[in-house]
Amino acid sequence: MILSILSEKRLSHLNKPNNTYFRHCLLPLSFPYEYNPITVILPVKEIAKAYIPGENEGDISKRWLDSQIGKAVGKSKKNAFTIVMPPPNVTGALHLGHAITLTIEDILVRYQRMQGKDVLWLPGTDHAGIATQNVVEKQLLEKGLSREDLGRERFIQEVWKWKDIYHKRISEQVSRMGASCDWSREAFTLDTARSEAVNHTFVKLYKKGLIYRDTKLVNWCPRCQTVISDIEVEHREEEGNLYFIRYFVSATDRSVCISTTRPETMLGDVAVAVHPDDPRYKEFIGKELILPIVNRIIPVIADKRVDMKFGTGAVKITPAHDPLDAEIGRDHKLESIVVIGPHGRMTKHAGRRFKGLPLTEARKAVVKYLDDIGNLEKIVKHTHQVGHCSRCDSRIEPLESMQWFVKTKPLAEKALKSYKKGDFEFIPGRFEKEFTRWMEEIRDWCVSRQLWWGHQLPVWYCKKVPIWKDKRKQAKEGCQRVIVSEKEPKACPHCGNLSLVRDADVLDTWFSSGLWPFTTLGWPKNTKDFKTFYPNTVMETGYDIIFFWVARMIMLGLEMTGKAPFKKIYLHGLVRDEKGRKMSKSLGNGIDPLEMIEKYGTDALRLTLTVGSTPGNDLKFSESKIEGQRNFVNKLWNAARYTFLTLGKNPKPVAQATPHGLPDRWILSRYNRLVVEATEAFDRYAFGEAAAKIQDFVWHDFCDWYLELTKEKPNKKLLSYLLVNILRLSHPFIPFVTEKLWENFYPINPKSKAKPKLLALDKWPKGSKAKINLKVEEEMEVVLTIISQIRSVRSEMSVEPGRKIAAIVYAGKHEAFLKKQANEIKKLARLASLTVKKSGKEIENAVAKFEAGLEIYLPLAKLLDPKVEKKRLKNDLTEAQQYLSVIDKKLANEDFTSRAPQNIVDSEKAKKAEVEEKIRKIEERLKILG
RNA sequence: GGGUUUGUAGCUCAGUUGGUUAGAGCGCGCCCUUCACACGGGCGAGGUCAGAGGUUCGAAUCCUCUCAAGCCCACCA
């Protein structure tokens, strides 16, 4: 239980009715203190003591939706800032991957909006072909139904029902993240507009010869019962066996030994290949071998692609089931014998003995058979890469079949050219290499899928279809031509036949995603949105889908619109668990962002996903991190609460304020520095850096120092000015709490018809470099040093916190401004009196500190033990001497003094003088102490 | 096999174009019921910047190599 970890002391503190604390923890039944949280009456205050996200986020979210803060105007191209949301799948719930995407994009978008840009952040969802079909099928299975039971039409209806539910759910969750997107332009990859655009694209590419149909070796997932593209195959190292099998030369007792990892495929062997230069096999080339079990006569062929060093140097050729074999088979005009069928079972071509056997059993049977007839030479352990389906993890079977392909070479060439021209860039830049290499080595993209859920190919066949599974079944009637058309043809344009059949396959999900940056804007119609918002300004997504998505968008965008679809590609890293592992269902280490939102608030979650993260680098997520960010949000809340309490009723946001004293001038300088630096970081897309800077300012400069320094005599106008701008600066990161606090400046009147003045629609502050005042910052540094030094001594000497002591400071050149800060110093250092003089006599019976050219004396007569003080001084002395030796070493180096820039040398000299002075002072002091 | 990233305090990470006595948060130790905040405040301990060379007056930062971890790509049966 939470309370069990609290110390005794903290519990005693809790005896005070501290409502806010108890709202956050459940009380154990055995709670040892008499305290009943139910009886606690909240103190009547305008602003709660602690920020409770759950009580505010809903209202604020609604306020944003009602005010349509995300709605883009769409008038001028010049001022447009466009980003389309990577569409979440309609398969399930929000996960941390979505959370980081939405957070980064929302930060970017809110910042740009505050900068006055006409921002379009276009939301949408993805029909996610295989993924969605799989979940719906799974659901049906629970009712004991298969998709075949329902039939295509009814099954698709089921999926649409599912889509409606999950689409609503995911959209709500997107809003919960604070995403300020333009819901009025929401799109779905499978809605009418997008489907028409997909058909249009397919037909165009076909007519240009960039889409074709061919029989090739493809990746077949026996579980999903569909073909998948090369990049959907995940290669994983697996331990297996290497089988050595002897093939005899026809009518002799000589033989060739081959090695294979998949002995069952030998049933489909059509040759054995060796390297032409391999002396071991030169004499065998052209000879005929007897394929064991099958007893087929197969030739020994020579091919340079054979690796002499692997295994025996002789390789069996099975064109139907291995990519390299398929190539070699094609070049040597070999037959291809399909022995493995689409369900992962052996076909009739494998022979009566093996037909119908699942692969694993077929392997056992083949191996046993070979062993029995004496052709199995040996079996050795062997690790190798095995392809798995990225959707269901089944082993992929390379199968030969007729599919539709996109000819990618010409598209990739355009993409590379456009990249070299500088049309778009990657953030971080290193992904450029990955992108260009992939483009250079690209292979054709298999786009047809044997699924039901998706864009059915706009393809018809005259008369009966050559069914992909078995091309032998081609019908004899009709002209058998292929008709590719945006609209359903009534008759065959070639022969007038009225009997047409539509291709049953659907398109790869990524085909429609690849068009997303422009189909969402109304393309292929030349809409106003398309004219205004295309190309997009930024594409933001995870680096794990560069090839799946980013590359395809670029290729298809260039081909279809003539322009690269976006100018910048920002790639974020993956969210991992605290140990750096990928989050996965099987590991059970997944963190539910919604649970985190419930517990800590959306703002805290957003900060956790951005602060201290850099683009392209993975991020470890842990609950202790989000807890820390929740604490920050609360800190800001309380700083604001203090400010509002100070400002009194009806606080006014102030646009300008005059500084009264050093702390005022200092905080203004620091504030301007912050705005300049944070804005600059934002413009570099360094969001993590900007967030850290803002956070640092709020927590340390503002709360720890400025508020404390000015509590006696707060400059109300300046306080208001600072808070207003802190809210603006932090708003992109933590929109909820800042919008809530903003309400105190611009109260929400539910009865009023006037639009509320929302922070989300306010302006980003302008900082000025000219207002960064180095002199003021240096002076303040001295003040802060004094306070820290005195606090440090107090702590070291165990002076009770309540006890006020005296201090004397000989300030030298700092005297003038220090005198003016005496009150602040007294307060923060808890002093009864403070004397500031230019210089003076050494003070006896006092603790002495020599820092920053100052002499600080704390007469603690009664507390002072000369021995302890001597020890302390000696420590200070050694430290100073060590530092001096470092500087001396530098200055003694003639190369340094002659070659380093003068200002560097000067500053070293100044440091030296200061340390020497310090050492002198400490030594004197030690003399006095004896 | 090729490519790439990372290695900085016990943990998670910052560290701009080379010039700091190397920083933050969490954790740890001591102290604090001061009325914005205990989801807080103060003070403190803790680091040969993975290792070895090199460039330079000067390297956590640039170069080379080594080691370790991760990721991506690749048709070695």
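All figures in this text were calculated on a predicted structure; none of them were measured in a lab. Letters A, B, ... are given to chains in the order of the sequence lines, protein chains preceding strands, and every chain is numbered from 1.
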*Asks:* I need the residues from residues 687-699 of chain A with at least one non-hydrogen atom less than 4.0 Å from RNA chain B; give them sorted by number, or say none.
*Replies:* Trp699(A)

*Asks:* Please determine, for the side chain of Ser259(A), which listed nucleotide (C75(B), A77(B), G19(B)) has the closest atom?
*Replies:* A77(B)

*Asks:* Does C67(B) have a Watson-Crick or wobble mate here (both distances under 3.5 Å), and if so which one?
*Replies:* G7(B)

*Asks:* Paired with U61(B) by Watson-Crick or G-U wobble geometry, both distances under 3.5 Å: which nucleotide is it?
*Replies:* none

*Asks:* Counting heavy atoms from C-beta on, name the nucleotide in C76(B), C37(B), A77(B) closest to the side chain of Asp307(A).
*Replies:* C76(B)

*Asks:* Under 4.0 Å from OP1 or OP2 of C37(B): is there any side-chain N or O of Asn631(A) that close?
*Replies:* no

*Asks:* Measuring from the side chain of Ser792(A) (C-beta onward, heavy atoms only), which nucleotide among G44(B), A77(B), A36(B) has the closest atom?
*Replies:* G44(B)

*Asks:* Take the protein atom CG of Asn893(A) and the nucleotide atom P of G58(B), then report the distance between them rounded to whole Å.
*Replies:* 7 Å

*Asks:* Should Glu677(A) and Glu689(A) count as side-chain neighbours, where that means a heavy-atom distance under 4.5 Å?
*Replies:* no

*Asks:* In plain terms, say whether Lys620(A) and Glu578(A) are close enough for a salt bridge, that is, a side-chain N and a carboxylate O under 4.0 Å apart.
*Replies:* no

*Asks:* Once you apply a heavy-atom cut-off of 4.0 Å, does Pro398(A) come out as touching a base, just sugar-phosphate, or nothing?
*Replies:* nothing

*Asks:* Is the closest side-chain heavy-atom distance between Val218(A) and Pro398(A) below 4.5 Å?
*Replies:* no

*Asks:* Expressed in angstrom and rounded to an integer, what is the separation of Glu440(A) atom CD from G2(B) atom P?
*Replies:* 18 Å

*Asks:* Identify the nucleotide, in any strand shown, that forms a Watson-Crick or G-U wobble pair with C75(B), with both distances under 3.5 Å; if there is none, say none.
*Replies:* none

*Asks:* Any N or O donor-acceptor pair linking the side chain of Gln385(A) to the base of A77(B) at under 3.5 Å?
*Replies:* no

*Asks:* Does the side chain of Lys889(A) get closer than 4.0 angstrom to OP1 or OP2 of G58(B) through an N or O atom?
*Replies:* no

*Asks:* Considering only the C1' atoms, how many Å lie between G46(B) and C28(B), rounded to the nearest integer?
*Replies:* 9 Å

*Asks:* With no hydrogens and no angle check, do the side chains of Glu239(A) and Thr383(A) hold a donor and an acceptor under 3.5 Å apart?
*Replies:* no

*Asks:* Report the C-alpha distance between Tyr247(A) and Asp269(A) in whole Å, list the side-chain angles of each, state the deciding distance to 0.1 Å, and finish with yes or no for side chain to side chain donor-acceptor pair (under 3.5 Å).
*Replies:* CA-CA 11 Å; Tyr247(A) 291 11; Asp269(A) 282 3; 2.7 Å; yes

*Asks:* Does a donor on one side chain sit under 3.5 Å from an acceptor on the other, for Gln881(A) and Thr878(A)?
*Replies:* no

*Asks:* Hey, does Lys635(A) reach any base, or is it just sugar-phosphate, or nothing, if we go heavy atoms under 4.0 Å?
*Replies:* base

*Asks:* Report yes if some heavy atom in the side chain of Arg395(A) is under 4.5 Å from a heavy atom in the side chain of Glu238(A); otherwise report no.
*Replies:* yes

*Asks:* Can you find a heavy atom in the side chain of Glu916(A) that is under 4.5 Å from one in the side chain of Lys911(A)?
*Replies:* no

*Asks:* With a 3.5 Å limit on both atom pairs, tell me what G29(B) is paired to, counting Watson-Crick and G-U wobble, or say none.
*Replies:* C43(B)

*Asks:* Determine the Euclidean distance between corresponding C1' atoms of G27(B) and A68(B); express it in Å to zero decimal places.
*Replies:* 26 Å

*Asks:* Under 4.0 angstrom, heavy atoms only, what part of the nucleic acid is Asp544(A) near: base, sugar-phosphate, or nothing?
*Replies:* nothing

*Asks:* Would you classify His382(A) as touching base, sugar-phosphate or nothing, given that sugar-phosphate means primed atoms plus P, OP1 and OP2, and contacts are heavy atoms under 4.0 Å?
*Replies:* sugar-phosphate

*Asks:* If you assign Asn634(A) and Glu327(A) each to the RNA chain B nucleotide with the nearest heavy atom, which residue ends up on the more 5' nucleotide?
*Replies:* Asn634(A)

*Asks:* Taking the side chain of Ile904(A) as heavy atoms from C-beta outward, which of A77(B), G19(B), A24(B) is closest to it?
*Replies:* G19(B)

*Asks:* In whole angstrom, give me the gap between the C1' atoms of U16(B) and A60(B).
*Replies:* 14 Å

*Asks:* With a non-hydrogen cut-off below 4.0 angstrom, is Val315(A) in contact with a base, only sugar-phosphate, or nothing?
*Replies:* base

*Asks:* Would you mind classifying the nucleic acid contact of Lys890(A) as base, sugar-phosphate or nothing, using non-hydrogen atoms under 4.0 angstrom?
*Replies:* sugar-phosphate

*Asks:* For G51(B) versus U34(B), give the span between their P atoms, rounded off to a whole number of Å.
*Replies:* 46 Å

*Asks:* If you compare every side-chain N and O of Thr614(A) against the phosphate oxygens of A14(B) (OP1, OP2), does one of them come in below 4.0 Å?
*Replies:* yes

*Asks:* Between Lys378(A) and Phe244(A), is NZ or CZ placed under 6.0 angstrom from the six-membered ring centre and within 45° of the ring axis?
*Replies:* yes

*Asks:* Between A69(B) and G29(B), how far is it from one C1' atom to the other, in whole Å?
*Replies:* 33 Å

*Asks:* So does Arg443(A) get a side-chain nitrogen or oxygen closer than 4.0 Å to the phosphate oxygens (OP1/OP2) of A74(B)?
*Replies:* yes

*Asks:* Among C37(B), A77(B), C75(B), which nucleotide has an atom closest to any side-chain atom of His384(A)?
*Replies:* A77(B)

*Asks:* Is a donor-acceptor pair below 3.5 Å formed from side chain Lys49(A) to base C37(B), judging by atom type as modelled?
*Replies:* no

*Asks:* Looking at Lys711(A) and Glu708(A), is any side-chain nitrogen of the basic one under 4.0 Å from a carboxylate oxygen of the acidic one?
*Replies:* yes

*Asks:* Respond yes when some side-chain nitrogen or oxygen of Lys625(A) is under 4.0 Å from OP1 or OP2 of U12(B), and no when none is.
*Replies:* no

*Asks:* Contact class for Glu708(A) vs. all strands (heavy atom < 4.0 Å): base, sugar-phosphate, or nothing?
*Replies:* base

*Asks:* Just compare G19(B), A77(B), C31(B) and give me whichever is closest to any side-chain atom of Ala900(A).
*Replies:* G19(B)

*Asks:* Round to the nearest Å and state the distance from Glu432(A) atom CD to C73(B) atom P.
*Replies:* 18 Å

*Asks:* Identify all pairs in which a protein N or O lies below 3.5 Å from an N or O of nucleotides 3-5 of chain B, and state each distance.
*Replies:*
| unit_1 | atom_1 | unit_2 | atom_2 | d |
| --- | --- | --- | --- | --- |
| U4(B) | OP1 | Lys433(A) | NZ | 2.9 |

*Asks:* Sticking with atom P, work out how far A36(B) lies from A14(B), rounded to a whole angstrom.
*Replies:* 36 Å

*Asks:* Looking across every strand, which nucleic acid part, if any, lies under 4.0 Å from Lys711(A) by heavy atom: base, sugar-phosphate, or nothing?
*Replies:* base

*Asks:* Quick check: do Glu796(A) and Arg872(A) have side-chain heavy atoms less than 4.5 Å from each other?
*Replies:* yes

*Asks:* Below 4.0 angstrom, N of the basic side chain to O of the carboxylate: do Arg673(A) and Asp701(A) qualify?
*Replies:* no

*Asks:* If you measure from the Lys or Arg side-chain nitrogens to the Asp or Glu carboxylate oxygens, is any gap between Arg684(A) and Glu680(A) under 4.0 Å?
*Replies:* yes

*Asks:* Under 4.0 Å, heavy atoms only, any strand: does Lys911(A) hit a base, just the sugar-phosphate, or nothing?
*Replies:* sugar-phosphate

*Asks:* In whole Å, measure the gap between the C1' atoms of G47(B) and G7(B) for me.
*Replies:* 14 Å

*Asks:* Who is the Watson-Crick or G-U wobble partner of U12(B), with both distances under 3.5 Å?
*Replies:* A24(B)

*Asks:* Taking only the side-chain heavy atoms of Arg576(A) (C-beta and beyond), determine which of A36(B), C71(B), A77(B) contains the nearest atom.
*Replies:* C71(B)

*Asks:* To the side chain of Thr261(A), which of A36(B), G42(B), A77(B) is closest?
*Replies:* A77(B)

*Asks:* Please enumerate all residues that pass side chain to side chain donor-acceptor pair (under 3.5 Å) together with Asp696(A), with sequence neighbours excluded.
*Replies:* His700(A)

*Asks:* Considering only A77(B), C43(B), C73(B), which nucleotide approaches the side chain of Phe547(A) most closely?
*Replies:* C73(B)

*Asks:* CZ of Phe632(A) versus P of C13(B): gap in Å, rounded?
*Replies:* 21 Å

*Asks:* With rounding to the closest Å, how many angstrom separate the P atoms on C26(B) and C67(B)?
*Replies:* 39 Å

*Asks:* Describe the nucleic acid contact of Val306(A) in one word from base, sugar-phosphate, nothing, applying a heavy-atom distance below 4.0 Å.
*Replies:* base

*Asks:* Name the closest nucleotide to the His700(A) side chain, picking from A24(B), G19(B), G42(B).
*Replies:* A24(B)

